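Since this is a predicted model, take the numbers as computed values, not measurements. Labels below follow one simple rule: chain letters A, B, ... track the order of the sequence lines, proteins then strands, and each chain is numbered from 1.
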Amino acid sequence: MPELPEVETVKRGLNKRIVGKVIADVTYDWPKSFPNNKADITNFLIGARVKGISRRGKAIIITLSSGYALVVHLKMTGQLVYVSAKSNDRFGAGHPTDSLVAALPDTSTRVTLRFSDESKLYFNDQRKFGWMRLVPRQLVDELPFFQLLGPEPLDDTFNESDFQKRFARRQNSMIKAALLNQSTIAGVGNIYADEALWGAKIHPRSRVRMLHANELNTLFTELRDILQKAIASGGSTDKNYVSADGKKGSYLQIARVFRRDGQPCYRCGNTIEKIRVAGRGTHMCSVCQKERP
DNA sequence: CACTTGACCTGTCCGC
DNA sequence: TGCGGACAGGTCAAGT
């Protein structure tokens, strides 16, 4: 379930932990998780220094001194967890020990990067949907995944007018399906789509064409607000997600609808329902979010 | 082209 | 206790 806030949290953690380190070795156990040939690994990964970490949508880009980059998509159960060389100093002074990280590598570990100082970066992925790919840096933007990606919702230059325009060609979609479509807006997934739609009082099944401009403007404001709050919370941990330091996110403690089915709506007291929209479990309040098909 | 559905995987939970 | 099936939900391929 890593969406924009979770991936952003991982990115920030990696920026603190692995920039400047030299990759000494890589091991992997599942080809689809790391589909690279040995020549590229030898020539452009081993011995390369980590220059910086960036994020685009739900993907992480680890730029290397070799002119290549490691692009990582966590999909649903992926983790990128850093473990320092000394087992009693995994997180730095004063950080609580986390048994999950202490046990790494485990059965979900797909790729292990070992740095020259003996610290490690584990790419864990229980369900094997995620991937880590070694790509020439200048070709990253040409990967199909990036080609289809819409704008970053938190960019300073991204405004209400831009947001409206992104939905112009999706008039017949249900609003939730359009929000989840990464070519509309980058980085929105199931959790924050539900949260933003509740905030804007829009029924997830509403067709885009039925929404007024002021409703989309409210949705724009709510979405940005939710994403920023989630980043401040270190993201959402349902089952698998952890930051680069192995810590869980706390956003679900303040979530308004996600995973709150059966509990009272914070606005009106009506029971939150769980329905299926666009093939996804969807949490909503049928009183606050009136259906307009 | 816009839009929807199924496949990719594994672990967990629920009913029998 | 075991076992089948539904479910979790990000993207891509294939379908309408």
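- Between A:Asp117 and A:Lys21, at least one side-chain N (NZ, or NE/NH1/NH2) sits under 4.0 Å from a carboxylate O, which counts as a salt bridge.
- Taking atom CG of residue A:Asn240 and atom C1' of nucleotide C:dG10, one finds them 13 Å apart after rounding to whole Å.
- Within the structure, every side-chain polar atom (N or O) of A:His73 is placed at least 4.0 Å from both OP1 and OP2 of C:dG10.
- Heavy atoms from other residues, nucleotides or ligands lying under 6.0 Å from NZ of A:Lys229 number 12 at most.
- Going from the P atom of B:dT12 to that of C:dT11 covers 24 Å, rounded to whole Å.
- The residue among A:Arg127 and A:Pro144 whose nearest nucleotide of DNA chain C is located toward the 5' end is A:Arg127.
- You can see that DNA chain B meets the heavy atoms of chain A within a 4.0 Å-exclusive cut from B:dA2 to B:dG11, reading 5' to 3'.
- Atom CG of A:Asp238 is separated from atom C1' of C:dG10 by 14 Å (rounded to the nearest Å).
- For CD of A:Gln147, the number of neighbouring non-hydrogen atoms (other residues, nucleotides, ligands) closer than 6.0 Å is greater than 12.
- Residues A:Leu121 and A:Val19 are members of one and the same hydrophobic cluster, defined by side-chain heavy-atom contacts under 4.5 angstrom among Ile, Leu, Val, Met, Phe, Trp and Tyr.
- Between A:Lys16 and A:Asp245 no salt bridge is recorded (no basic side-chain N to carboxylate O distance below 4.0 Å).
- Nucleic acid contact class of A:Lys239 (heavy atoms, under 4.0 Å, all strands): none.
- Straight-line distance from the CG atom of A:Asp261 to the P atom of C:dC7: 13 Å, rounded to whole Å.
- Pairs of Watson-Crick or G-U wobble type, with distances under 3.5 Å, assemble into runs of 3 or more in DNA chain C at these ranges: B:2-8 with C:10-16, B:10-16 with C:2-8.
- Taking 4.0 angstrom as the limit, A:Arg276 places none of its side-chain polar atoms (N or O) nearer than this to OP1 or OP2 of C:dA6.
- Distance, A:Gln147 CD to C:dA13 C1': 18 Å, rounded to whole Å.
- No engagement by A:Arg110 is indicated, since no non-hydrogen atom pair under 4.0 Å with the nucleic acid exists.
- To the nearest angstrom, P of C:dG10 lies 17 Å from CG of A:Leu148.
- Comparing A:Met174 and A:Thr107 against DNA chain B, the residue whose closest nucleotide sits nearer the 5' end is A:Met174.
- Both the sub-6.0 Å distance and the 45° axial angle are not jointly satisfied by A:Arg224 relative to the ring of A:Phe158.
- Under the 6.0 Å distance and 45° angle rule, A:Arg267 counts as a cation-pi partner of A:Trp198.
- Of the residues near DNA chain B, A:Arg169 and A:Arg280, the one whose nearest nucleotide (by heavy atom distance) lies more toward the 5' end is A:Arg169.
- Put simply, CD on A:Gln182 is 17 Å from C1' on C:dA13, counting in whole angstrom units.
- Rounded to whole Å, the distance from CD1 on A:Ile185 to P on C:dT11 is 14 Å.
- Taking atom CG of A:Asp194 as the reference point, atom P of C:dG10 lies 10 Å away to the nearest angstrom.
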Test salt bridge (Lys or Arg N to Asp or Glu O under 4.0 Å) applied to A:Arg256 and A:Glu222, step by step = CA-CA 12 Å; A:Arg256 290 101 46 100; A:Glu222 285 290 329; 3.5 Å; yes
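- Ion pairing of A:Arg56 with A:Glu152 is present here, as a side-chain N (NZ or NE/NH1/NH2) and a carboxylate O approach within less than 4.0 Å.
- Under the 4.5 Å side-chain heavy-atom criterion for grouping Ile, Leu, Val, Met, Phe, Trp and Tyr, A:Phe145 is connected to A:Val71 within one hydrophobic cluster.
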